[in-house]
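Shown next, in structure tokens, is the structure this report addresses.
Predicted model only: the values in this text are computed from it and were never measured. Reckoned from all heavy atoms, side chains included, excluding hydrogens, waters and symmetry mates.
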Amino acid sequence: MIPGIDPDQTKGWMMRLMPLIRCRDNLLIAGIVTGVFGLAVQVAVPAAARHAVDAAGGGDRQTLWITTMVIIALGLSRMVLGGANRYLLFKLGWSVETDMRAIMYEHLTRLSFSYYDRTQSGQVISRANSDIRSVQILLSFGPIIAMSVLSFVLAFGYMLWVHTWLALVALLPLPCVYWLGVRFRHEVLPLSWVSQARMADLATIVDENVNGTRIVKSFAAEERQISLLGRAAQRIQWANERIADSRSRWNPLIESLPRVGTAMVLLYGGWLAIEGQVTVGTLLAFSAYVIMLQVPFRTAGFLLMQAQRASAAAQRIYEILDEVPEITDAAYATDLMSPAGKVDFEDVSFGYDPDIPVLQNFNLSIQAGERVALVGRTGSGKSTVARLLDRFYDTNHGAVRIDNHDVRDVTLQSLRHTVGLVLDEPFLFSVSIHDNIAYGRPDASRTEVVAAAQAAQAHSFITELSEGYDTIVGERGYDLSGGQRQRIAIARTLLANPKVLILDDATSAIDVTVEEAIHKALRTLMANRTTLIIAHRLSTISLAERVVVMTGGEITDMGTHAELLARNPEYVEILARSSTESARLP
């Protein structure tokens, strides 16, 4: 099982990530061990070269031969250890990235609808992709760069042992490099945050334009959207140019100052060699070690920049992971077992914004197996009733019950297996039609899928498609007509066989002839099934045994269609307006 991110928000971003790293201690430890030995071997090469040069200068052929073989062996060892080190640390980084994606996706599936109501999809996509990638890059390269500090310690220790003053001369410029790195870090951090945030804004624009391409084209708004994207790209460009400006000012200083140490070693070491206080081999070794001393400082710019980018990215990721789902199973929640399907709304009040109520003192009781239609003007709260029954949201006041069980006291999984919902805007996945219909029951046989499609009057048009039930539908199913998508959505819900069925204007995009055929099938399928029908069409309302009229989030009347038609002018007006709008449809 994948461990989670540390929930303690007072900890630093890396400490919160440690549970994912600790579960792969073998990769981390092996990577560190191979890295340490590889660096030790690397530090040993100039020491061996020192002896080889001094042996050559003294005419000692045997020592020259032995040290040459040692250098070759050290080089091969360094190659093997360096390769293993990179493989292990990169595998660690990629594994943590995979876990973070899985954790984020799992968390996103648990977040409540209220979170998605206020969050742009592009923001979520950006954080799940580019932000996680920024963390992965640091985890892969960070340890490799950080371990270069060990080469600094080993090399400097050897230099002190060989000649203390020459070693100190080589070290003189490096404190200035550290100070420059701190200044660079403070300047880049806020810019990294701005860059990541604006990348998310750009992803939002791209996502909306891809999903809304039909709207864009229908209003000939391509140029306007391109301009919008261009302005977003320019904002990213501004942030990245500021980062590049900082890098161009600080990185050359960070990388170049250590080279002053090389010049000072050559100057002072050359004088010592002339005076006979050090050998030429020692001077050569010190020149190589000065380069090793520079490595941590030369890579400090990249490491600091990537650390700031990863820090900003991690904070944006944690903003999602720290979001607490509002709709969760209670600790004492139980499964709905063999539900009969009786539904009760008891004095329910609710608003998506608590200050703007949608439902007020809503009371409705639906008997098991009864078919009830909710009718009202747009904005009267009909769809909200359905969302509360499926517990997409919790009531602000009152209770929603199924078989006398408060929906907050039962598990979400059993509740949503019990309540099936067909929306007025059906969503299809980019998979086969078979898999779309079988989404609620992935183990359903082809025979069962076909039976559900036949009941939803979808079988005939499916068999006319190029691959039949194996046809892959396009993005959101837009290569099918609205009526075809709705029929597949109805088949999907019918196959799941819920005890309570909600039809939220589920046949609004289906022509009258096909709708009559579907209604005929639904009458049979709705037998012994509690059905809540949210409708405007008279033909759909006729499926119900009882009609409830809603106005302003309250029930104003209820009865049979004939009773309401005879006594309720508002009901007559709603039906008349719906008939007029339907007549205008092509």
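- Checked by atom type, the side-chain pair S460/E464 shows no donor-acceptor distance below 3.5 Å.
- Put simply, the side chain of F345 does not reach to within 4.5 Å of the side chain of N363, judged on heavy atoms.
- V372 is not listed as a side-chain neighbour of V343, based on a closest heavy-atom distance of 4.5 Å or more.
- Annotation: side chain of L465 is not in contact with side chain of Q484 (no heavy-atom distance under 4.5 Å).
- For the pair R16 and Y318, the cation-pi test (distance below 6.0 Å, angle within 45°) is passed.
- Using a cutoff of 4.0 Å between basic side-chain nitrogens and carboxylate oxygens, K382 and D504 are not scored as salt-bridged.
- With a 4.5 Å cut-off on side-chain heavy atoms, L564 and D557 count as touching.
- A340 approaches A368 most closely through the heavy-atom pair O-CB, 3.4 Å.
- Below 30°, between 30° and 60°, or above 60°: for Y393 and Y352 the angle between ring planes is above 60°, a perpendicular geometry.
- Looking only at atom types and distance, the side chain of S349 has no donor-acceptor partner in the side chain of N396 under 3.5 Å away.
- Other residues, nucleotides and ligands contribute at most 12 non-hydrogen atoms within 6.0 Å of the CD atom of Q413.
- You'll find the ring centres of H561 and Y571 inside the 6.0 Å limit.
- Of the charged side-chain nitrogens involved, at least one lies within less than 4.0 Å of a carboxylate oxygen, so that D394 and R391 count as a salt-bridged pair.
- Annotation: side chain of T471 is not in contact with side chain of S432 (no heavy-atom distance under 4.5 Å).
- With hydrogens and angles disregarded, no donor-acceptor distance shorter than 3.5 Å links the side chain of E323 to the backbone of I320.
- A donor-acceptor distance shorter than 3.5 angstrom exists from the side chain of E448 to the backbone of S445, with no hydrogens or angles considered.
- Outside the 6.0 Å centre-distance limit, the rings of H107 and Y115 are not counted as a close aromatic pair.
- The pair K342-E370 fails the salt-bridge criterion, with no side-chain N (NZ, NE, NH1 or NH2) lying under 4.0 Å from an Asp/Glu carboxylate O.
- The side-chain heavy atoms of F113 and I327, taken from C-beta on, include no pair separated by under 4.5 Å.
- Within 6.0 Å of atom CZ in F392, more than 12 heavy atoms from other residues, nucleotides or ligands are found, so the atom counts as buried in its surroundings.
- Under the 4.0 Å criterion applied to side-chain N and carboxylate O atoms, R446 and D470 are assigned as salt-bridge partners.
- By the 4.5 Å heavy-atom criterion applied to side chains, L359 and V385 are counted as neighbours.
- Side-chain atoms of P19 and I5, non-hydrogen and from C-beta on, never get closer than 4.5 Å to each other.
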